[in-house]
Amino acid sequence: MSPVTVVIFVYLMVQIRTSTCLTQVEIGCPIYMSTAGGNGALAFHGPAFETAVKECNRMYTGVINITLTFIVSATFEETFDNFANDISRWYLSQRRSSDIAAVISPGSMDPTPVHQLTSHWNIICLSTMRASPSAFKLRPATTMIASTFVSIPSIVGIISNLLWSHRWITVFLVVDRRSVPAYITIAEELERVNTGKARFLKRYIQAKELASFDEFLREFKRESRVMIFLGRENFIRRLMVDAAALNMTNGEFVYLCDGSFPNSRTYGDLQWQIPGEDAVNQMAREAFRSLLLVHPYETTDIPAALKKSELVNSFRLQAKQRYNVNMADQVLPEILSSYVNIFMFAQILNETLVTFGEARLHDGQWLSERFLKRAFIAPGGLTDIYVDENGFRQAPLAISYFEGKNSTREVVFIRSHEYGPNLWEVRNISATWPGAMWPPVNEPLCGYTGMKEVCRESAGFLRNGGLIGLLTTISIAAVLAMIAWTVRSYLSVNKSRGPYLLLRVRTSMNWRLDGQELAFPGKQSFTTFSTAMSQR
């Protein structure tokens with residue numbers, strides 16, 4: 001056999017061996033085309049998914065090969081309504097390239113029927129952008145992994161920590177019905193998580209149709225001192241200006257809002273300053289000092305920042321070339337979340353294959369449990385990601401306060417898995433909070449309206465002359481105490497002068513008498529006056 005023949009034979013055997021050992025995995029990704037439907041469109045997430053799949057196949061060459069199938073609908077509404085049917089057709093299709101399947105999508109779905117299907121098929125499902133808790137509770141079932149940029153449980157967790165740590169147990173909760181549905185879910189989760197710990201006075205509004213927030217602010221003043229506003233950030237400035245006009249930004253009240261998606265056309269943009277409104281800007285600047293803002297906590301990881309910049313430039317170029325879409329900054333956090341989800345999934349596959357063998361790759365329930373209560377270190381070269389015991393990503397969040405003359409945003413609290421479940425206080429604002437009244441009390445001493453029974457009784461007491469009588473009694477007691485102290489001091493001083501006593505009479509004549517010359521009625525006489533007094 002010639003050397004050339006031997007080389008060809010060996011090469012063919014290696015290729016056969018490689019193709020036989022290579023584990024094939026297929027991802028089904030329901031997604032929509034229209035960019036008008038939100039941030040989950042194919043033009044935004046397609047480049048991120050495809051880039052990640054390509055990189056993972058390179059990383060795990062000869063071990064795992066991932067293929068990606070987009071299940072495309074025209075609009076968000078079509079994707080949401082047909083999500084379960086679309087993945088059923090994909091999963092049951094004979095054209096699929098592998099027996100190992102997974103559903104990974106930006107998450108435009110009703111989680112409950114999808115969770116029911118994936119649990120029945122025993123395959124894993126990951127949502128990269130939006131996720132709500134599933135109502136499907138039958139066991140055994142796969143855990144739905146929601147490694148979204150900022151998850152609802154993360155937001156609920158940091159708000160709840162803030163309430164508990166400051167003993168704010170009566171909370172005025174305002175939800176804008178016309179804002180994103182996520183805020184309604186957050187409100188419901190806050191009530192559920194805090195059952196028995198806090199009382200929520202929930203009010204639904206349509207902020208866009210309100211000429212003023214005065215009615216709700218006056219009710220808030222009568223019922224609470226802590227307000228959570230869940231609505232578009234654009235309306236928060238109006239809320240705070242109206243509150244300032246009612247003297248409700250004096251430090252006695254605290255306002256909390258969510259800014260987890262800054263500069264988003266869906267969630268709005270939070271600014272106290274608007275060009276051309278100088279008079280209102282001045283009022284807004286002062287009013288914002290009573291506002292706390294929940295938002296993502298950005299770390300200073302330079303390698304991750306450089307990698308992020310590189311990826312963003314690449315995704316923007318692909319979106320423009322392939323879909324003729326300009327990618328705005330507002331969608332970037334969610335797009336990067338889709339990118340890292342592929343890396344997390346590939347890491348789990350590789351760990352399972354190496355440690356337990358290929359049979360475990362067919363067990364979606366077992367695979368989903370490998371995501372829980374663990375940190376993924378720099379997936380895709382970006383920042384670390386932690387997934388909690390329920391399958392939700394716990395992104396580092398912060399609570400900031402608008403401080404100083406320019407109301408600049410300064411971080412006050414951080415919540416991250418690195419610091420445990422509680423808030424980490426990084427700045428003390430006791431001296432700079434309006435009126436130096438930080439933290440505001442849950443309820444004033446005399447109640448929210450100043451009419452508690454104990455205060456009414458005190459007011460009646462004062463009106464009926466009780467104060468005058470009380471002050472008179474105190475004054476008399478003080479005079480008597482002063483006289484007693486003077487006499488005691490006088491006797492103490494004269495006791496040290498020996499057996500002589502200096503008597504002063506009204507004639508201003510001084511008499512110096514020997515104690516033995518003093519005589520008292522009766523048979524007994526005393527050598528000194530002090531001895532006589534002590535024996536009385």
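- Between atom CD1 of residue Ile348 and atom OG1 of residue Thr352 there is a gap of 6.0 Å, rounded to the nearest 0.5 Å.
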List the steps and the verdict of side chain to side chain contact (heavy atoms under 4.5 Å, CB included) for Leu317 and Asn313.
-> CA-CA 6 Å; Leu317 181 62; Asn313 292 334; over 6 Å; no
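- For the pair Pro296 and Gly259, the tightest heavy-atom approach, listed with the atom from each and the gap, is CD-O, 3.7 Å.
- Checked against side-chain hydrogen bond (donor to acceptor under 3.5 Å, both in side chains), Asn324 has the following partners two or more places apart in sequence or in another chain: Lys320.
- In plain terms, the two heavy atoms of Trp366 and Arg360 that are nearest each other are CD1-NH1, 3.2 Å.
- Residues Phe200 and Phe172 have side chains not in contact (no heavy-atom distance under 4.5 Å, counting atoms from C-beta outward).
- Ile124 is listed as a side-chain neighbour of Leu126, based on a closest heavy-atom distance under 4.5 Å.
- Residues forming a salt bridge (Lys or Arg N to Asp or Glu O under 4.0 Å) with Arg415 (at least two apart in sequence, or on another chain): none.
- For the residue pair Asn341/Thr128, the side-chain donor-acceptor check at 3.5 Å is not satisfied.
- The side-chain heavy atoms of Ser127 and Phe392, taken from C-beta on, include no pair separated by under 4.5 Å.
- The salt bridge (Lys or Arg N to Asp or Glu O under 4.0 Å) test applied to Glu410 returns Arg427, not counting sequence neighbours.
- Between His295 and Ser400, the side chains place a donor N or O and an acceptor N or O closer than 3.5 Å (distance only, hydrogens not considered).
- Here the CG-OG1 distance, from Leu22 to Thr61, works out to 9.0 Å after rounding to the nearest 0.5 Å.
- With sequence neighbours excluded, no residue forms a side-chain hydrogen bond (donor to acceptor under 3.5 Å, both in side chains) with Lys208.
- Across all their heavy atoms, Arg232 and Ser179 have their closest contact at N-OG, 3.4 Å.
- At a threshold of 4.5 Å between non-hydrogen side-chain atoms, the residues Leu423 and Ile158 count as touching.
- Side-chain contact check for Tyr297 versus Ser416: every heavy-atom pair is 4.5 Å or farther apart.
- Of the listed residues (Leu256, Leu173, Val180), just one forms a side chain to side chain contact (heavy atoms under 4.5 Å, CB included) with Leu230, and that residue is Leu173.
- In this structure, Val426 and Val412 have side chains that are not in contact, with every pair of non-hydrogen atoms separated by 4.5 Å or more.
- Between Gln365 and Asn122 the shortest side-chain heavy-atom distance falls below 4.5 Å.
- Contact check for Tyr91 versus Trp121: side-chain heavy atoms found under the 4.5 Å cut-off.
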So Phe44 and Tyr323, ring pair (Phe, Tyr, Trp, His ring centres under 6.0 Å) or not? Walk me through it.
-> CA-CA 9 Å; Phe44 297 143; Tyr323 302 100; 9.3 Å; no
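- With hydrogens and angles disregarded, no donor-acceptor distance shorter than 3.5 Å links the side chain of Ser73 to the backbone of Thr75.
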Worked verdict on Met227 versus Phe216 for side chain to side chain contact (heavy atoms under 4.5 Å, CB included) | CA-CA 10 Å; Met227 176 188 287; Phe216 292 96; 5.6 Å; no
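- Remark: Asn65 CG to Cys56 SG distance equals 11.0 Å, nearest 0.5 Å.
- Between Phe229 and Tyr183, a ring centre-to-centre spacing not shorter than 6.0 Å is recorded.
- Separating the CE atom in Met144 from the CZ atom in Phe371 is a distance of 12.5 Å, to the nearest 0.5 Å.
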Can Trp164 and Asn422 be said to form a side-chain hydrogen bond (donor to acceptor under 3.5 Å, both in side chains), step by step?
-> CA-CA 10 Å; Trp164 301 338; Asn422 299 319; over 6 Å; no
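- Rounding to the nearest 0.5 angstrom, the gap separating the OG1 atom in Thr142 from the CG atom in Leu367 is 10.0 Å.
- Ser314 contributes no side-chain N or O that, together with a main-chain N or O of Glu310, makes up a donor-acceptor pair within less than 3.5 Å.
- The minimum heavy-atom distance between Thr143 and Gly391, with the atom names listed, is CG2-CA, 4.2 Å.
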Please assess Val174 against Tyr204 for the test side chain to side chain contact (heavy atoms under 4.5 Å, CB included), listing each intermediate value before the final yes or no.
-> CA-CA 6 Å; Val174 180; Tyr204 286 103; over 6 Å; no
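- Applying the side-chain hydrogen bond (donor to acceptor under 3.5 Å, both in side chains) rule to Tyr419 yields no partners; only residues at least two apart in sequence or on another chain are considered.
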Before giving the answer on side chain to side chain contact (heavy atoms under 4.5 Å, CB included), spell out for Ile100 and Leu361 the whole-Å C-alpha distance, their side-chain angles and the decisive distance to 0.1 Å.
-> CA-CA 7 Å; Ile100 301 172; Leu361 297 180; 3.7 Å; yes
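- The two residues Ile31 and Leu42 come nearest to each other via the heavy atoms CD1-CA, 3.6 Å.
- At a cut-off of 3.5 Å, with distance as the only test, no side-chain donor of Thr67 or Gln24 sits close to an acceptor on the other residue.
- The side-chain contact (heavy atoms from CB on, under 4.5 Å) search around Asn442 returns Trp168, Ile169, Thr170, Tyr448, not counting sequence neighbours.
- Side-chain atoms of Ser151 never come within 3.5 Å of backbone atoms of Ser147 as a donor-acceptor pair (strictly under, hydrogens ignored).
- Sorted by first and then second residue, the salt bridge (Lys or Arg N to Asp or Glu O under 4.0 Å) pairs with a member in residues 373-389 read Glu351-Arg374; sequence neighbours excluded.
- Checking Thr112 against Gln116 by side-chain atom types alone, no donor-acceptor pair falls below 3.5 Å.
- Phe70 is linked by a ring-ring contact (aromatic ring centres under 6.0 Å, His included) to nothing, counting only residues two or more places apart in sequence or in another chain.
- Counting only residues at least two apart or on different chains, no salt bridge (Lys or Arg N to Asp or Glu O under 4.0 Å) pair has a member in residues 161-174.
- The OH atom of Tyr32 sits 14.5 Å away from the CG atom of Asn82 when rounded to the nearest 0.5 Å.
- With His417 as reference, Tyr386 is the one residue of Tyr386, Trp424, Phe376 to meet the ring pair (Phe, Tyr, Trp, His ring centres under 6.0 Å) rule.
- A donor and an acceptor atom, one from each side chain of Ser154 and Gln394, are located under 3.5 Å apart.
- Every residue was checked against the salt bridge (Lys or Arg N to Asp or Glu O under 4.0 Å) condition with Arg370, not counting sequence neighbours, and none meets it.
- Across Phe315 and Ile335, no two heavy atoms sit closer than the pair CD1-CG2, 3.8 Å.
- Every residue meeting the side-chain hydrogen bond (donor to acceptor under 3.5 Å, both in side chains) condition with Arg89, not counting sequence neighbours, appears here in chain and number order: Asp86.
- Remark: the backbone N or O of Val114 is paired with a side-chain donor or acceptor of Thr118 at under 3.5 angstrom.
- Listed by first then second residue, pairs satisfying salt bridge (Lys or Arg N to Asp or Glu O under 4.0 Å) with a partner in residues 43-52 read Glu50-Arg322, not counting sequence neighbours.
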